[in-house]
Structure formats: structure tokens, C-alpha cells
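Beneath this line is the structure, given in C-alpha cells, with notes to follow.
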Amino acid sequence: MQNLLHNLNPEQHAAVTLPAESALILAGAGSGKTRVLTTRIAWLIQTGQISPSALMAVTFTNKAAKEMQARLSAMLPLNTRSMWIGTFHGLCNRLLRAHYRDASLPQTFQILDSQDQLSMVKRILKANQIDDDKYPPRNVVYFINSAKEQGLRAAKVTTHDPISRQLAELYGIYEQQCQRDGVVDFAELLLRTVELMSSNQPLREHYQARFKHILVDEFQDTNDLQYRWIKLMAGTSSAVLAVGDDDQSIYAFRGANVGNMASFEREFLVRHRIKLEQNYRSHGHILDAANALISNNTERLGKNLRTDAGQGELIRIQEAASDREESQWLVEQIKELTRQGIASNQIALLYRSNAQSRVLEHALFSASLPYRVYGGLRFFERAEIKHAIAYLQLMDNPHNDSAFLRVMNFPARGIGAKGQETLQDCARQQGISLYAAVPYLTGKVGTTLGGFVKLIEAARFETQMLTLPELVQRVLEMSTLIQHYQTEKEGADRVENLEQLVSAAALFIVEEGFPNDAPALLGPAGTAQPILVQGEGIQILDADAALSTLMSPLSAFLSHASLEAGDNQAQVGQDALQLMTVHSAKGLEFDAVFITGLEEGLFPHENSAREPGGLEEERRLMYVAITRARQRLFISFAQTRMLHGQIRYNTKSRFLNELPEENVKWLSPQVRQNWFAPPKSAWDSEPGNAGSASYQTRKEHIPTVIPTNPDGWRTGLSVRHAKFGEGIIIKLEGSAGNYRAHIQFYKLGLKVLDLNIAKLEKV
DNA sequence: GGAGGAATGTTTTTT
DNA sequence: ACATTCCTCC
């Protein structure tokens, strides 16, 4: 046991060995948070305080859950598969599978991902002849998800105007449709579980008594519904260990509520708040800068990182004339770092928004520097995989209309738009699924659709005794998906992906511990029975958390496909530069980090100004970016940048002013922001600047085409306003004689003015 | 049913 | 600027 606690610093030690009561761990960046979490679990088990089945550990991402399981297995000989370690959604999925009847769900309920949810809403809008200009599908989805996050069903949503009344009605129709299809969206997994636990007392008490310890990772990212769920699972007797960092809360835009940390301390009567402030990642200058920056935020629990690593290198800051010159500069610096022996995959290029990656990629490509961009489509989100999954879904639950619609005419089998509409009308009239409505159709459409239904039934019949990978293989053939992509000229990659789906199925069976000869359609395969609560005679049998005890291999695989869309991340092992947004860099670390585009409007992003607390969230984002770096940190910005097809003139980010002078070194000379400058750079007017000689001749970086119009207004024009002072036009909207200008004022920031109204003087 | 052109929307993202 | 999605036409 002693060796578990070996090498922990005093705070870490205190956190790991906390008494069995609720506590908050404020874990700074690079302070060994995951280590504390896993060691805490191992310590609780090894000291005999609890059995592995008496604890639950919750994370946000599958990656984090897997990491925790891996580290735990390395510390103790445990079957982590059967332990309740997983994501919020994954654990709720397990609970709902075990108690599907009490949750009023079919045993084979399926999970809609965001794409499916959006298309379902579009379908509902169409079927109800709702103008989707007035009710954009994305907004409807947002409305539904926010309502669910507040724990509200359609009937409970308060409406105060016709718009919200209509939205609530759509929400109601959506709810019904999901229930009829036997599908749940991501928010529903949470909400359904919360409702199940609040309404079912024996069940609630069972779990509250069972889970003596609940550990929650990244607590600052929890939304209100997730917090409610934790409270329900914990009751009054469980010890909840909430681990998080309010300074790294960067997901308010998707419902995360940092306030949950304060609520947690209050509601769980927390007596122990432990701060992990010893940082094992970054050198001193980097940490000092991060601490200074974040101290500008007012709403903090308070924390200051420290290191033993020494001050290290100063943070380098570079001002470039344009985004292209910024990229050129990056290329030079990267080459230098590589010469110094830093591996490419230890160098990260971070940016605030994805649109910025293009210029960078272009420069890297031209310089033949290998790179990987994080983000983008994941394996299970690819169209061909979604199609294959839809066939599999129909075999498990033919009433899933989303799946039915996706593939009833793919590959094409002559069911046109009209036939599809007839079927949908019929299904709606009868209040049944599309699959069930097929027999009602007559004529040619009826025959063709009947053929499709027969295909699904034949597939189900033929594959009864096959294992999961065999079944997937067979379905790919029967559906003619493989054949379809083989004949398509650009289809080779897709065929390859489909084949990979078979391998993914084989791997899944092994990883989830299904017997490798288990028929895919039969299940649950394990011996443990789900926990059932039946009226009078309450029978609660403990099940472990392994999917193999709860679902058939096929059902389990389908959940997996929705809940774990696959790697979004570029291969870490590859020796290539790592390009990603600051958001996706959270949790990662690199020897050298470049943060690019530190410009007002970009970082902090202009849209954040509209949201309350937006600026502070942007600052936390910058804090996250800075704390990714171990040894070297570079920050750059550009005076002009191509954005949405227009040249933008930006001023340097306010965050640069918040970094202490003693921690930074300006590589470019600091010139006063050049307001009157034309789209020429400070570089041209000041020849001989350090390190710039080689770029001076590259005239192609200097923008020459300026959009103008008959009135003489153009972007980049310097203007004077009687009240606002001097500024520069960064964007023009509207048409000749009717312009609105976005003007970045020197003192007052961005304003949008109507040029017919505002009196502006050209400077 | 697919090719090609117009319209559209561009902060961040996991499940 | 550029990707995606919608729409039209053969």
C-alpha cells in the first residue's frame, strides 16, 4: 500500500487519503489530476475500505474513462470492465439497459447522434409544414436540448409567446416520435435516467446504498442535468469526490455550469477543499504568465500554479504583417526547433477557430513539414459507416425511422421522393413506424418497399447464428453497400472503411468480453440478470456494469457506435506537427506550443462579447492554451488576416497586454498599432527588423486588392467619428448607398454603424 | 439519380 | 474563401 502513495506531494497525498466524505479537488493544469483520481480509487480498494463494485467514476470523454481504467489496471489486478467507470452517457446507457422496462423503453432502444437528431427535427418540421426559415432546425434542436438539460418535458416548458409555444409543440411531437421509434438522443439518456431515479424509490435507494464513493472528473464542465444525476446517485450517504478546475472551464457555450462547483460545496456540505497547485509540466516563465493572465478574471475560486522546474525560456511574441507572414514565421521557428532536436509531434500549433488552420496548412505543406490536423469527421460519422450502421439498426429495431429513411433507398432501389412521401404520410396517419406502414402501400411503391422490408427480414433470419463480425460482413454484402462503393469511382476509401467496420466489430467483441462465439442477435449473454423492480415483490439483483451482461452483442455494438464515434484525434505516435483548436488541446501537453492569431475579434473572439461572461471564458481559453506548453511557448498575431473572403484589420489581443513583461520577449519590434496604415505592414516602413530580412522581399504577402465602392468606403479605411473617435473599417455590409460598416474604434472597440446615419470623416 | 450551379453560413464540441 | 447543402435540370 505504501508504494501507492509513494511519490505523491503533500496535497496529492491528502487528496488520495481523504476520509469517506464529499470533497472538492481544485486541480490545476498539469498538477497530476488523473494520477490523484486513479490512486484514490486504488487506495480505497487496496485498504479494504470498499469493493470495486461500490464505486462509480464519471468522466466526459471515452478517452478519459479508458485512461482511468488503464492506469487502474496497472496499479491493481482488477477487471475494470465490470466496474462503473465511464462517461455520463455511457453509464446512463447501462442503467437504462438494465432497467429498460422501468424507464419505459424497448429493450433494444437505440441512440440518436447529433446528426440523426437534426435530421429527425427537419423531418418533423416538414411533416408539419413549419416554415424552417422561421424555425431553423438547429434552433429547434437547441431548444429541445436546453429544455432537457433543465429537466423539462415538452408539457412542462413555460411558453410566453407564439414562437416558444410553437417550439414547445415541436418538442412534444419530437418526444412522441422518439418514443415510437424506440430511440433516445444524448440529452435523453441523461434525462431518462434522472427521471427513472427520481420516480423509482427502491431503485434509487438501491444505487445510493451501493455506490459508497462517486468520483467525478472535470467537474467544472458538468451541466445542470448531469449535476442533478450525480445528486440522485449519491443521495446523502455517498462520498462524492469532485475534481475540476474552474480556470479551465471553457464549455459554457454547450451548457456547462461552473457554478456547479460552488453548489456542490454548499449542497454536499464539503469540508475539504484541496488545491493541487504544484505543476509538473511547465517552466516558470510560462506558469507566471498563465497565473498573471488568469488573475484578471474576477469569478474564481482562486489558485496559483507553481513549479520546481526553473524559469526556463521567455515566451516569444511575434507580430506579423499578415496571416501568411505569420505562417512563414512559424515555419522558420519550427525548422529551428526541429534542428534543436525537438520531435515534430511535440510541437503544437494552436488556434482559436478552425478556419485559421488553412493558412497554416498551406505554409507547412509548401515547406514539406508533415502535420496532422485534429478534428473533423470521425469513423462512425462517415456516411458509408452511417449507412451500414442503419442496416444493423433496422435488424435490431426495425421501427427506427431515422435508420429506415437513411437506407430505404440506398443503394438506390427505385424508391423516389414521391414514394417516400406516400409512406411517411401513411405512417403518420396510422401513427406507426415506416416499417410497419409498408404493408399498407399498394402498387409499384408498395412492391419495391416490400422488397426492402423482405431484405431486412431475410438478413435477420439468415444471421441468427452468426457472430457479430460475421453478421456485419453478411449485412454489408446483402445490403449491396460494398458492391455499390466498389463500382463508384471514388469509392475505394469507403470500401476500405466498411471493411474496417468488420474489424471494429471483431475488436469490440474482445474488448467488451463477449464470448467470441456468441450469436450477435442473442443476448444478454452473461449470467448476471439485470436489476428488476417489480411492483410488490421487489427483486434487485446486482449486475456488474459490463455491456455483455446487459445487451446482445449487436445492441452493444450499436450503442458503442453512437456513444463512441471513434478517433477524432490524429495518431499521436506519428511524427508530425500537431494542429488543433485550443479547445481540443485541453488535457494535452507539448514541449513547444505556438498560439496563433492573438488578435482582438479572433482571440478573444468577437462573438464572445455578446455573451455574459464571454470575455472571461475567452481568457480561460487563453489560460488553457498557455498551460499546454512544457518548455517553449510562442505567441503570434497578424495585422491583416483573410477571413470569410475578406481582409480583416485586427489589433493585437488584449491578452498580450496581460502577460507580464518580465516573462516575455518580443521578437518583432513593438510598434504602436498602425491605424492609418494601409494594408502595408510595419515591416515595410521599418527596414532591417530583426529576423525579417528574408521576408522583406516576399511581396506576395502584401494584400493589394482592396474592396471599394462608389461612395469611397472600403475596408481598411481609417475614419473619425465625432463621439467614438478614430477607428478603422474592418467590414462592410449591405449594398452601395446602403452600407453598414463594422468599425474597430481605437478607444471603444467594435461598433456597427449605418453609413447613411453615422457622420464619418475619412482620415 | 447524378452533375453542376446557386444559396448559405461560417467560435469553440462531446456524448 | 470555402465547404456544405439545397435545387434544378437532363
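Chain A is the first sequence line, chain B the second, and so forth, proteins listed ahead of strands; every chain is numbered from 1.
- In terms of phosphate contacts, A/N93 brings no side-chain nitrogen or oxygen within less than 4.0 Å of OP1 or OP2 of B/dT15.
- A salt bridge links A/E326 with A/R641: at least one charged nitrogen is closer than 4.0 Å to a carboxylate oxygen.
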For A/F60 and A/H89, run ring-ring contact (aromatic ring centres under 6.0 Å, His included): C-alpha distance rounded to whole Å, both residues' side-chain angles, the deciding distance at 0.1 Å, then the answer.
-> CA-CA 8 Å; A/F60 273 86; A/H89 295 84; 8.4 Å; no
5' to 3', nucleotides 2-9 of chain C under a 4.0 Å protein heavy-atom cut-off (B base, S sugar-phosphate only, - none) gives SS--S---
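- Looking at A/E218 and A/K33, a side-chain N of the basic residue comes within less than 4.0 Å of a carboxylate O on the acidic one, giving a salt bridge.
- Residue A/T581 places its side chain closer to B/dT12 than to any other of B/dT15, B/dT11, B/dT12.
- Here A/H89 does not count as stacked on B/dT15, because the ring centres are not under 5.5 angstrom apart with planes under 30°.
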Can you give one letter per nucleotide of nucleotides 2-10 of chain B, 5' to 3': B if a protein heavy atom sits under 4.0 Å from the base, S if only from the sugar-phosphate, - if neither?
-> -S------B
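- As judged by a 4.0 angstrom heavy-atom cut-off over every strand, A/F88 is placed among residues making no nucleic acid contact.
- If you check distances only, the side chain of A/S584 never reaches the base of B/dT13 with a donor-acceptor pair under 3.5 Å.
- A sub-4.0 Å separation between OP1 or OP2 of B/dT13 and a side-chain N or O of A/R378 is absent.
- When the side-chain nitrogen and oxygen atoms of A/N354 are compared with OP1 and OP2 of B/dT12, one or more of them lie within a distance under 4.0 Å.
- Contact between the side-chain N/O atoms of A/S114 and the OP1/OP2 oxygens of B/dT14 is not found at any separation under 4.0 Å.
- When the P atom of B/dT15 is taken as reference, atom CD1 of A/I111 falls 12 Å away, rounded to whole Å.
- In this structure, A/Q356 contributes its side chain and A/S353 its backbone to a donor-acceptor pair below 3.5 Å.
- For the side chain to side chain contact (heavy atoms under 4.5 Å, CB included) criterion with A/F109, the lone passing option out of A/N397, A/V183, A/N93 is A/N93.
- In this pair, A/F253 lays its aromatic ring flat on the base of B/dT12, centres within 5.5 Å and planes under 30 degrees apart.
- Ring geometry, A/F452 versus A/Y391: the interplanar angle exceeds 60°, so the pair is classed perpendicular (tilted spans 30 to 60°).
- Ion pair A/E175/A/R153 flagged as a salt bridge, since at least one NZ, NE, NH1 or NH2 atom sits closer than 4.0 Å to an Asp/Glu carboxylate oxygen.
- Salt bridge annotation for A/E564-A/K66: present, with a cationic side-chain nitrogen under 4.0 angstrom from a carboxylate oxygen.
- The existence of a salt bridge linking A/E381 and A/R378 is confirmed by a sub-4.0 Å separation between a basic side-chain nitrogen and an acidic carboxylate oxygen.
- Nucleotide B/dT12 holds its C1' atom 14 Å from the OH atom of A/Y142, rounded to whole Å.
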